[in-house]
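So you know, we letter chains A, B, ... as the sequences are listed, proteins then strands, and number each from 1.
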Number of protein chains: 2
Amino acid sequence: MPKSLAQQDIETIVKDQELIGRRHMQICDAGLKLFSRKGFHRTTVREIAEACGLGIGTLYSYIKTKEDILSLVYRRILESFEARMLEATQGIQDPRLQLKAALEETLKIYDECQDAVLLLYQESHALGRQGLQGLFDVDRTYVGFFREILDRGTRAGQFAVKEPHLLAVCILFLCAVWDLKRWNLQGYTLETIIESLTTLILNGISADRPMELQRQ
Amino acid sequence: MPKSLAQQDIETIVKDQELIGRRHMQICDAGLKLFSRKGFHRTTVREIAEACGLGIGTLYSYIKTKEDILSLVYRRILESFEARMLEATQGIQDPRLQLKAALEETLKIYDECQDAVLLLYQESHALGRQGLQGLFDVDRTYVGFFREILDRGTRAGQFAVKEPHLLAVCILFLCAVWDLKRWNLQGYTLETIIESLTTLILNGISADRPMELQRQ
DNA sequence: GGAACCCGATCGAGCGCTCGTTCAGGTTGA
DNA sequence: TCAACCTGAACGAGCGCTCGATCGGGTTCC
């Protein structure tokens with residue numbers, strides 16, 4: 001199995017690969033829960049060890065530093081995002097509909113994983129250079145995915161987009177508004193957000209006015 | 001002078017109000033510089049004291065906790081933003097042009113104050129409930145400002161916006177893409193960003209297609 | 001079969017250190 | 001003289017991480 005760019009191995013004392021996998025899972029669960037609730041710095045390694053039912057020493061047989069736990073958490077989050085995203089949009093031919101589907105799925109994911117997205121934006125600077133690079137790489141593939149849709153739509157004459165990469169970044173970023181500005185969006189439903197953002201973006205980039213989408 | 005909502009006083013040992021003001025200024029400068037470079041948690045109070053030429057004890061005569069320094073920094077940032085914003089857009093009658101000006105000025109501010117905006121998004125959760133409330137309040141007035149433009153434009157028949165508040169939040173948020181996704185936007189100029197975002201948003205919310213803006 | 005040995009996962013007390021905060025004493029100016 | 005301000009050594013809580021000890025189970029050898 002080829003490893004993605006974000007998959008630099010974490011040094012471990014323990015040898016058994018299958019066991020490492022299981023333990024890393026436990027550590028992820030505990031890490032995500034605690035980091036989300038208290039933040040990276042306020043969470044102690046001891047707490048994480050306790051939360052996953054391991055001794056501190058044991059925990060440190062599966063990681064080298066506290067930072068590794070954050071990396072582990074990030075990896076799993078992003079992997080799951082990528083998988084869901086691809087599944088929800090593959091096979092759709094019409095760029096406009098595909099973009100709509102991509103937006104909708106991203107917003108649904110971001111809705112279900114609020115804590116994770118928040119963590120991603122707030123604590124990523126706790127990662128070192130190497131960890132950050134991994135995040136960047138994954139993000140770039142994400143953006144590239146949106147960008148491809150934009151390119152296809154532009155070639156088909158449906159979209160009028162001067163800077164596809166820039167716009168892809170913006171669109172993906174905009175989806176995070178639901179998580180990062182949640183406190184100022186109470187009262188709205190996920191459906192309203194999806195509709196509003198989809199309308200804004202599709203109108204914003206359409207070569208002609210996409211009336212059929214508004215009517216439907 | 002009436003104090004804004006964010007202006008709950010910080011407890012100090014020192015009495016002289018004018019001196020407090022001056023010292024708080026020094027502390028802000030040092031805090032912004034160091035927090036931006038190293039983050040809140042990695043910056044020590046000692047470093048801040050040194051950077052503003054005060055002894056640690058002296059510093060603690062002007063604040064009660066480290067958190068107070070962050071509050072202080074945030075306050076100043078937001079105050080300056082608000083002032084610039086209002087100045088740049090007041091008096092513009094046409095909603096479309098006013099929105100354009102507001103976007104442009106916000107992006108310019110966010111360009112000049114990258115570190116500050118990043119700090120705002122990354123470290124605000126280090127603040128306690130009270131400090132956060134203050135931030136929220138200021139942000140709401142900001143958003144309200146955009147919302148007003150949207151409302152005026154909608155009444156004038158220029159914009160077609162179903163959820164003005166939601167959209168105002170989105171627009172303001174979108175401006176931060178330039179700071180929060182900077183690493184993925186290298187190579188673009190501020191001017192390109194301004195143009196792309198303005199086009200996206202104005203097209204996105206316009207009742208009719210605003211061709212004149214594109215031609216000009 | 002079972003004694004002797006080995007391997008590697010587990011454990012948690014505690015080391016070494018950082019960092020926010022305090023306080024007793026010094027300095028200054030009116 | 002005394003209030004206001006300044007100073008930095010000292011404090012101690014809390015943290016990440018290490019390391020020697022333990023133990024269950026597999027393997028070897030008689």
Taking 4.0 Å as the cut-off, does a side-chain nitrogen or oxygen of Thr58(B) come that near to OP1 or OP2 on dT7(D)?
yes
Taken to the nearest whole Å, CG/Leu34(A) to C1'/dC15(D) is 16 Å
Between dC15(D) and Thr44(A), is there an OP1 or OP2 to side-chain N/O distance shorter than 4.0 Å?
-> no
Between CG of Leu59(A) and P of dG12(C) the distance, given in whole Å, is 13 Å
Ranking dG20(C), dT7(D), dA9(C) by distance to the side chain of Ser61(B), first place goes to dT7(D)
Closest to the 5' end of DNA chain D, once Val14(B) and Ile56(B) are matched to their nearest nucleotides, is Val14(B)
Atom CD of Gln26(B) and atom P of dC6(D) are separated, to the nearest Å, by 9 Å
Testing dA9(C), dG20(C), dC6(D) for proximity to the side chain of Tyr60(B), the answer is dG20(C)
Per nearest nucleotide of DNA chain C, the residue lying toward the 5' end, Gly57(B) or Lys66(B), is Lys66(B)
Establish, from distance only, whether the side-chain atoms of His41(B) and Glu123(B) form a donor-acceptor pair under 3.5 Å. no
Is the distance from OP1 or OP2 of dC6(D) to the nearest side-chain N or O of Tyr62(B) less than 4.0 Å? yes
Glu18(A) CD to dA9(C) P, in whole Å, measures 12 Å
Margin query: Applying a 4.0 Å non-hydrogen cut-off, can you work out what Arg23(B) is touching in the nucleic acid: base, sugar-phosphate, or nothing?
Written below: sugar-phosphate
Sugar-phosphate only, base, or nothing, as touched by Thr12(A) at under 4.0 Å among non-hydrogen atoms:
nothing
- [ ] Please step through salt bridge (charged side-chain N to carboxylate O under 4.0 Å, His left out) for the pair Asp139(A) and Lys181(B), ending with a clear verdict.
- [x] CA-CA 10 Å; Asp139(A) 202 81; Lys181(B) 294 284 184 182; 3.2 Å; yes
Taken to the nearest whole Å, CD1/Ile13(A) to C1'/dT10(C) is 12 Å
Between CG of Leu19(B) and P of dT28(C) the distance, given in whole Å, is 16 Å
(Q) Quick one, Arg76(B) with Asp29(B), criterion salt bridge (charged side-chain N to carboxylate O under 4.0 Å, His left out). Give me CA distance, side-chain angles, the key distance, then yes/no. (A) CA-CA 10 Å; Arg76(B) 233 210 0 205; Asp29(B) 288 336; 2.8 Å; yes
- Item | Side chains of Glu195(A) and Thr198(A), donor plus acceptor under 3.5 Å | no
Taken to the nearest whole Å, NE2/His41(B) to P/dG14(D) is 16 Å
Margin query: Under 4.0 Å, counting only non-hydrogen atoms across every strand here, what does Leu54(A) touch: a base, just sugar-phosphate, or nothing?
Written below: sugar-phosphate
Ile63(A) atom CD1 is separated from dT10(C) atom P, nearest whole Å, by 13 Å
Checklist entry - Should Thr106(A) and Leu103(A) be marked as a side chain to side chain contact (heavy atoms under 4.5 Å, CB included) after you check the CA-CA gap, both sets of side-chain angles, and the distance that decides it? => result CA-CA 5 Å; Thr106(A) 304; Leu103(A) 271 172; 5.9 Å; no
